[in-house]
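Input: a single structure, listed below in structure tokens.
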Amino acid sequence: MKKQIVPLVVSFLGLLAVACMGLVKSTESDRIRVLIIDGRNNHNWKDTTPFLKAQLEGTGKFEVSVATTPPNGAKAEEWNNFKPDFAKFDVVLSNYNGSKWEPESVRESFESFLNEGGALVNVHAANNAHQGWNSFEEATGLLWRGNKDGARLYLDQVGKLMTVKIGEGRGAGHGPQHEYVVKMRDQEHPITRGIPKEWLHGKDELYHGQRGPAKNMKILATAFSDSKKGGTGVHEPMLWTIPVGKGVAVTNVLGHVNKNAGEMPAMKCVGFLTLVARSCEWAVTGKVTIPVPSNFPTVSEVSLVD
């Protein structure tokens, strides 16, 4: 299928400049403060973190910093230098997939950040992380876990929400990477308002069978997990929100990138990037002013940034 290769940043900034929309580029003082956390991931965080940072900053809405954890295999004392001051930020964008952050005081500080009104946005494998950290799992809802690690949610063919009990059915997985249609399930939510009801996502893993506490979830988008592609034959959650104290968590399981980033079509998908940026804005402000870019994918054509 033909791919439209147009820079997302240019599209965002161009739309922001349209006078009839009444939008102006944010000044530095009123930008949303984002902290990307990386350092451990089975995906290429060394390439994807700078890319996500550039895309968010290109909207003019965000000021982005990065905190990097010790690498896999690090000794316990190496965690002593990992001390993010969450209070200095509005939203944490997790590009992290590894064991629980150490020491426990860091986890407690993050829990306080969320409960007092902070925000979390998980990207792709970030929902695989922090096995055994109950507060994170509650905030994330569905995670890459086995079938004994929580309930499973999916939508049937008529859009009815279905629940699979703990211990029943399959656990987390995915079939081979492929392009697939993402379906907006709530077009009135600020994150998804104005986005086409269905659009073709760049070649990606399609997560299925995610497990977890699955409480208080508002599912905003799903994708059909085709059994011919190693899937489940039902509509699997792709994007959802969960309230956490005075704060909120948003999880987006799109955005796979191989160790060799290459073209990374899933993360360069304009649809994915639009959802990430709008999720970060909404999670902090409760509204969205970032417009849907003109090069947004259609139901039949993928659109990637240059």
Side-chain angles (χ1 to χ4, degrees), residues 26 28-57 59 61-141 143-144 241-253 255 257 267 276-277 279-285:
S26 304
E28 187 171 349
S29 62
D30 61 11
R31 289 177 185 167
I32 293 168
R33 300 164 300 172
V34 181
L35 177 65
I36 298 178
I37 296 185
D38 61 19
R40 296 186 181 190
N41 207 315
N42 56 322
H43 300 72
N44 189 344
W45 60 268
K46 291 183 179 180
D47 283 347
T48 57
T49 288
F51 175 75
L52 289 169
K53 182 176 187 292
Q55 292 297 317
L56 287 174
E57 290 179 337
T59 68
K61 293 290 182 181
F62 304 99
E63 177 183 332
V64 184
S65 301
V66 178
T68 300
T69 70
N72 288 326
K75 297 179 180 179
E77 56 266 26
E78 294 183 58
W79 282 96
N80 292 335
N81 294 322
F82 180 69
K83 298 178 181 179
D85 187 352
F86 297 112
K88 291 183 177 180
F89 300 95
D90 302 306
V91 55
V92 169
L93 175 62
S94 181
N95 193 25
Y96 175 87
N97 179 17
S99 60
K100 293 182 289 186
W101 295 330
E102 299 291 348
E104 185 177 2
S105 59
V106 173
R107 300 195 298 275
E108 291 174 344
S109 176
F110 181 70
E111 290 172 16
S112 295
F113 165 75
L114 281 182
N115 286 321
E116 293 169 7
L120 167 67
V121 175
N122 290 312
V123 172
H124 192 57
N127 90 319
N128 298 195
H130 304 300
Q131 182 86 39
W133 183 5
N134 292 336
S135 293
F136 173 82
E137 292 175 337
E138 289 279 348
T140 302
L143 308 98
W144 186 276
T241 70
I242 294 178
V244 186
K246 296 179 181 178
V248 68
V250 183
T251 297
N252 181 338
V253 296
V257 175
M267 188 164 280
V276 170
S279 293
C280 287
E281 184 181 17
W282 172 80
V284 174
T285 69

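Computed from a predicted structure; not experimentally measured.
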Margin query: When you compare the side chain of Trp144 with that of Asn97, does any pair of heavy atoms fall below 4.5 Å?
Written below: no
Margin query: I need the Asn41 CG to Lys46 NZ distance, nearest 0.5 Å.
Written below: 12.0 Å
Check: If you measure from CG on Asn95 to OG1 on Thr48, what distance do you get to the nearest 0.5 Å?
Finding: 4.0 Å
Check: Roughly how far apart are Arg31 CZ and Asp90 CG, rounded to 0.5 Å?
Finding: 13.5 Å
Check: Just by modelled atom types, is the Val253 backbone N or O under 3.5 Å from a matching donor or acceptor in the Asn127 side chain?
Finding: no
Margin query: Which heavy atom of Ser279 sits nearest to which heavy atom of Val250, and what is that distance?
Written below: OG-CG1, 3.7 Å
Note to self: Ring-plane angle category for Tyr96 and His130, please: parallel below 30°, perpendicular beyond 60°, tilted otherwise.
What the structure shows: parallel
Next item on the list: Decide side chain to side chain contact (heavy atoms under 4.5 Å, CB included) for Val257 and Trp45; before the verdict, give the C-alpha distance in whole Å, the side-chain angles of both, and the deciding distance to 0.1 Å.
Entry: CA-CA 9 Å; Val257 175; Trp45 60 268; over 6 Å; no
Checklist line | Shortest non-hydrogen contact from Ala277 toward Leu56 | finding: CA-CD2, 3.8 Å
Note to self: Side chains of Thr49 and Asp38: any donor to acceptor distance under 3.5 Å?
What the structure shows: yes
Item checked: Atom of Ile242, atom of Ala139 and distance for their closest heavy-atom approach -> CD1-O, 3.4 Å
Next item on the list: Return the minimal non-hydrogen interatomic distance between Leu120 and Ser94, and the atom names on each side.
Entry: CD1-CB, 4.2 Å
Next item on the list: Verify whether one side chain among Ser99 and Arg40 offers a donor that lies under 3.5 Å from an acceptor in the other.
Entry: yes
Next item on the list: Only counting residues at least two apart or in another chain, list the ones meeting salt bridge (charged side-chain N to carboxylate O under 4.0 Å, His left out) with Glu111.
Entry: none
Item checked: Smallest separation among heavy atoms of Lys246 and Glu116, with atom names -> CB-C, 3.9 Å
Notebook entry, point to check: Could you give the distance from CG (Leu93) to CZ (Phe62), rounded to the nearest 0.5 Å?
Noted result: 9.5 Å
Item checked: Minimum side-chain heavy-atom gap Val248-Trp282 below 4.5 Å -> yes
Note to self: Would the distance check show the side chain of Ser109 and the main-chain N or O of Ser105 forming a donor-acceptor pair, the cut-off being under 3.5 Å?
What the structure shows: no
Next item on the list: State, to 0.1 Å, how close Pro84 and Leu35 come at their nearest heavy-atom pair, and which atoms those are.
Entry: CB-CD2, 4.0 Å
Check: Does the Asn252 side chain pair with the main chain of Val123, one donor and one acceptor, at a distance under 3.5 Å?
Finding: no
Next item on the list: Find out whether Met267 and Leu52 are in side-chain contact, i.e. whether some heavy atom of one side chain is under 4.5 Å from a heavy atom of the other.
Entry: yes
Checklist line | Counterpart residues, side-chain contact (heavy atoms from CB on, under 4.5 Å), relative to Lys75 (two or more places apart) | finding: Glu77, Glu78
Checklist line | Partners passing side chain to side chain donor-acceptor pair (under 3.5 Å) against Thr140 (at least two apart in sequence or in another chain) | finding: Asn122
Item checked: Spacing of CG belonging to Asn128 relative to NE2 belonging to His43, to within rounding of 0.5 Å -> 7.0 Å
Checklist line | From CG (Asn115) to OG (Ser135), nearest 0.5 Å | finding: 7.5 Å
Check: When Phe110 is tested against each of Phe89, Phe82, Phe86, Phe136 for ring-ring contact (aromatic ring centres under 6.0 Å, His included), which residue passes?
Finding: Phe86
